[in-house]
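Contents: one structure, followed by commentary.
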Amino acid sequence: MEQFSSTADFTQWRAQRSGTCAAVFTMGALHEGHAALVRRARELAGSDGTVVATIFVNPAQFDDAADLGAYPRTLDADAVLLRDNGVDALLAPHADDVYTADRAVTVEPGPLGTVLEGRSRPGHFAGVLTVVAKLLHITAPDIALFGEKDYQQLTLIQRMAADLNFPVRIVGLATVRDHDGLALSSRNARLSPAARQRAAAIPKVLAEVAAALTAGRTVQQALDAGHAQLSERGVTDVDYLVLTGPDLGPVPAAGLARVLVAATVDGVRLIDNREVRL
Ligand code: PAF
């Protein structure tokens with residue numbers, strides 16, 4: 001695996017590659033969820049194609065300097081995981097290589113950027129979309145893969161690519177889960193053992209809400225029961241537990257929908273979601 005810290009050096013290397021290119025963008029602190037994205041990228045690119053990965057802790061998507069400072073940086077271990085799962089080149093640039101001091105233009109996410117995660121984290125999705133747009137231009141992939149765990153992020157990236165005619169196919173990959181169903185996240189490492197146990201209630205309650213809806217309960221009944229179950233299992237600080245359409249729009253009368261949750265457990269914000277058939 002080639003490894004670059006300079007975007008100019010990476011671009012030179014990239015220009016010499018032909019065939020399908022698949023990209024996985026990350027902020028590091030990698031886990032099995034990222035490994036699954038990279039393995040799928042390898043399958044989609046084929047053995048003659050190219051798989052690129054980036055590690056960049058994007059300051060523009062953090063609204064809290066302490067959170068940015070505390071973000072785990074594990075570059076050496078991350079590079080091993082990427083290499084072992086089939087990445088051809090890793091770009092891990094410095095912030096001043098990605099952002100010029102006099103930058104003025106950003107990507108505006110529109111109304112979907114102001115609800116759910118966007119309501120609690122103002123400016124977050126403008127930061128995400130701006131850096132994803134830049135990384136798509138720098139790496140020039142045919143395909144870019146993102147996890148469904150960050151469902152609103154995935155939906156907004158799909159919208160950006162469609163609305164702004166990015167010549168790339170955005171692929172979403174199912175959430176990778178721990179043995180008890182908890183969605184893998186680099187944040188899970190910050191949970192105490194007791195909080196980790198309580199956090200496992202989140203995917204269980206999502207499954208219960210989905211089952212209740214499929215069984216014909218009303219949306220209100222299913223979500224009320226979900227809130228009660230979260231609270232009973234020690235997840236009391238719930239930001240939202242909502243049902244939406246598959247594109248985060250209005251709930252359809254029948255067919256596929258999404259149930260999404262965000263809750264803080266022991267000071268750690270956790271998000272999760274799952275598909276529901278109504
Ligand atoms: O999901 C992430 O790790 C980040 O939001 C992303 C897509 C790499 C942009 O910084």
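Counting starts at 1 for both ligands and their atoms, following the listed order.
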Indicate yes or no: does Asp239 engage Arg269 in a salt bridge with an N to O separation below 4.0 Å.
yes

Residue pairs fulfilling ring pair (Phe, Tyr, Trp, His ring centres under 6.0 Å) with at least one residue in [range], sequence neighbours excluded:
range: residues 64-117; result: Phe62-Tyr71
range: residues 114-142; result: His137-Phe166
range: residues 27-52; result: His31-His34

Evaluate the side-chain contact (heavy atoms from CB on, under 4.5 Å) criterion for residues Gln229 and Lys204: first the C-alpha distance (whole Å), next the side-chain angles of each, then the deciding distance (0.1 Å), finally the verdict.
CA-CA 9 Å; Gln229 278 304 316; Lys204 291 191 176 64; over 6 Å; no

Angle between ring planes, Phe4 versus Trp13, binned at 30° and 60°: parallel, tilted or perpendicular?
tilted

So what's ligand 1 close to, N/O to N/O, under 3.5 Å?
unit_1, atom_1, unit_2, atom_2, d
ligand 1, 1 (O), Gln153, NE2, 2.9
ligand 1, 5 (O), Gln61, NE2, 3.0
ligand 1, 5 (O), Gln153, OE1, 2.7
ligand 1, 10 (O), Gln61, OE1, 2.6

